[in-house]
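Hydrogens, waters and symmetry mates play no part in the numbers below; they use all other heavy atoms, side chains included. By convention in this document, chain letters (A, B, ...) are assigned in the order of the sequence lines, proteins followed by strands, and residues within each chain are numbered from 1.
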Protein chains: 2
Amino acid sequence: MKQNTTIFDLSKILNLSTSTISRALKDHPDIAAETKKRVRELAAKLDYEPNLSAAGLRTNNTKELAIIVPTLSGFFYDSVISSIEGEARKHGYSLMILVSSDDVAIEIENLKICKQRHVAGVLVCLSLHTKDLLPFIKLQELEIPIIFFDKVPNSDIFPRVSFNDERAASLAANALIKKKKKNILSLFGNIDLSITQRRLTSYSATFNNHFLTENDKNYLFIEHASSSTEAAEIVCKYFGGENKPDAIFCMTDELLIGTMKAVQVLKLSIPDSVGLIAISNGLFPKFYHPEVTYVETSGHSLGQLAFSRMLNYLQGNKENSEISAEASLMEGGSL
Amino acid sequence: MKQNTTIFDLSKILNLSTSTISRALKDHPDIAAETKKRVRELAAKLDYEPNLSAAGLRTNNTKELAIIVPTLSGFFYDSVISSIEGEARKHGYSLMILVSSDDVAIEIENLKICKQRHVAGVLVCLSLHTKDLLPFIKLQELEIPIIFFDKVPNSDIFPRVSFNDERAASLAANALIKKKKKNILSLFGNIDLSITQRRLTSYSATFNNHFLTENDKNYLFIEHASSSTEAAEIVCKYFGGENKPDAIFCMTDELLIGTMKAVQVLKLSIPDSVGLIAISNGLFPKFYHPEVTYVETSGHSLGQLAFSRMLNYLQGNKENSEISAEASLMEGGSL
DNA sequence: TTGAAAGCGCTAACAC
DNA sequence: GTGTTAGCGCTTTCAA
């Protein structure tokens, strides 16, 4: 086995001390330019790379971040992770990935791993049923910053980054109002989730406010589905009946996929026989023809925002507010 | 700041040496059961967790794996990573994620990070245009095992795990032959990629072999597209003409997505007016109605296989062969 | 401008 | 069955 070159090897060859080598490699101002040059050249020649375990042990700065997500194979977290990984590398951090599978026990295990590895920080999207924040608080007490993103706790002792769900939902509602849709099948996710509650409340309120002032009426058929299959079934049911909706709203990409499958089954023509709008990451709407009009809640932006807050925090700016990533309407041809 | 509990803290409280603590926590046979119990109880009480940087430095075993992928936001690598992360955690390993963005320079930088972090092993899917294997060889010389998956080098000094592309393509071809399709629009990816070449060669050969013995004829329209948009354009072109194909074959999910968009534009009825088959990860075919018949090349299986080879390698079984994950036909209703 | 020395937390050879 | 000790590779204080 070829041995790894260490700072000690370099010091012997150059007749310098290990501290000089260390400083030279870090471009420390005390070291003579000539010395730095010699050190750097030899380091390059011998393929020297610092051992980050050793440095991390010594300085208690591992330059490693962790991200905990409920799942990977969705259509969302991959884009968040991708965006954070890129930013992290730019700033000299590596990214460890931990999947909780929406299981509280695994989530706690993952936090333990973060502690064992002395990560510099953790980005967390809460699992579906996390109630107890104590494990997170304990980690924070050890000076490991936690930034919550997407599914964030209702607690102002943590920095949080999420979407402006209220605004996303009202943007969609306004788009439907503008198109004078009257019978709108409105598909929401599991009602127990706070994201569903926020989106639903704002969505309903937007319609109510409008029809209070306008001398007009419309009907919202609010339904809840927790999978794309369920969404498809609901759509089929509504379009099998007499009073067919003139528009469909989908709260998530998952529901959109189910809806579009039903649209194919029913051979509905979009937007002629029925209009369609969704809240989406932005990927799937482009896979259909006509492309689906959607309110964008982009994983990429959320990732950027989460990472920049992490960086701020690491630099000492420890603000614990919740910040929202903006949502905006993207016109396809479906409404 | 609350200090982290160390083995030294435990040793002082229990009046034992650090080595006894260390051994007790590792369930070393030399240590008395009673001692182990006392140590474990105190450790639990004080929330002791080992510092893996320190252990890694000492033993040169970081219990951390890295995975390098060309991209995350596809429809494939997320499932591979998800599967590997799960297995890795089960076996006490963490997973660091590195994205190369199909950029050779970033790929090399990523290997440097692996070296700096002294990872226990690296799982690599090559970037599109990697030619020089030297950086990988150097890493292997440092006793950091590398398992290539999916896009693997043509070099038998590394363990490799990939799909049996020849078999996947011939399965698809045989399904088309069985349905007596005569005019098949066959969409392949970029011809420069070895995966395209393997799939195309086997696909064509399967048809040729069949029509040598049968007194029958058919026409393959072989086209290459490097994006879903291009695929959609090609499909539209063919169905705008006179001699419309009676089936479409898509080599990847990306091409399938483009094809399905074109199908919606053209309002083609599947499978009545045109049959459809793809080689796919298995996710997208389920999003359409009827569900698309496909040959499955599952990211999940590939991940499992890659991890198990890594584990073998770490346990000393250093075999450098290429192993194939099987492909199998999944019947939807599209052919 | 450079060096000596201590120590981060852990493990393991060796001693008892 | 337990303790002593050295050392993994690095950073950093203090001294020269």
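- Comparing atom distances between the B/A32 side chain and each of C/dC10, D/dT2, D/dT12 picks out D/dT2 as nearest.
- The shortest distance between side-chain heavy atoms of B/N320 and B/P159 falls below 4.5 Å.
- Separating the CG atom of A/N4 from the P atom of D/dG7 is a distance of 20 Å, rounded to the nearest angstrom.
- Atom NE2 of B/H28 has more than 12 heavy atoms from other residues, nucleotides or ligands within 6.0 Å.
- D/dC10 atom P lies 12 Å from atom CG of B/N60, rounded to whole Å.
- Residue contacts for B/N61: at a heavy-atom cut-off of 4.0 Å it reaches no nucleic acid atom on any strand shown.
- Remark: P of C/dC14 and CZ of B/R23 are 13 Å apart, rounded to the nearest angstrom.
- A close approach under 4.0 Å does not occur between any side-chain nitrogen or oxygen of B/T18 and OP1 or OP2 of D/dG3.
- Computed from coordinates, the A/L16 CG to C/dT2 P distance equals 7 Å when rounded to whole Å.
- In this structure, A/S53 reaches neither bases nor backbone, as no heavy-atom distance under 4.0 Å exists between it and the strands shown.
- Phosphate proximity of C/dG3 to A/S17: present, with a side-chain N or O under 4.0 Å from OP1 or OP2.
- Between B/H28 atom NE2 and D/dT2 atom C1' there is a gap of 11 Å when expressed in whole angstrom units.
- Set against D/dG9, D/dC14, D/dG3, the side chain of A/A54 has D/dG9 as its closest nucleotide.
- The interatomic distance linking B/D30 (CG) with D/dT4 (P) rounds to 16 Å, in whole Å.
- In this structure, A/K26 places its NZ atom 9 Å from P of D/dC10, rounding to the nearest Å.
- Between the C1' atom of D/dG1 and the NZ atom of B/K36 lies a distance of 11 Å, rounded to the nearest Å.
- Ranking D/dC10, C/dT2, C/dC10 by closeness to the A/T35 side chain, first place goes to C/dT2.
- Among the nucleotides C/dT2, D/dT12, D/dG3, the one closest to any side-chain atom of A/S19 is D/dT12.
- Residue A/L10 holds its CG atom at 12.0 Å from OG of A/S17, rounded to the nearest 0.5 Å.
- Of all nucleotides listed (D/dT4, D/dG1, D/dG9), D/dG9 comes nearest to the side chain of B/L57.
- You'll find the side chain of A/N110 reaches within 4.5 Å of the side chain of B/R89, heavy atoms only.
- Of the two residues near DNA chain D, A/S22 and B/N15, the one whose nearest nucleotide lies more 5' is B/N15.
- Around CG of B/N154, the count of heavy atoms belonging to other residues, nucleotides or ligands within 6.0 Å does not exceed 12.
- Distances were taken from every side-chain heavy atom of B/I7 (C-beta onward) to each of D/dG3, C/dC10, D/dT12; the shortest belongs to C/dC10.
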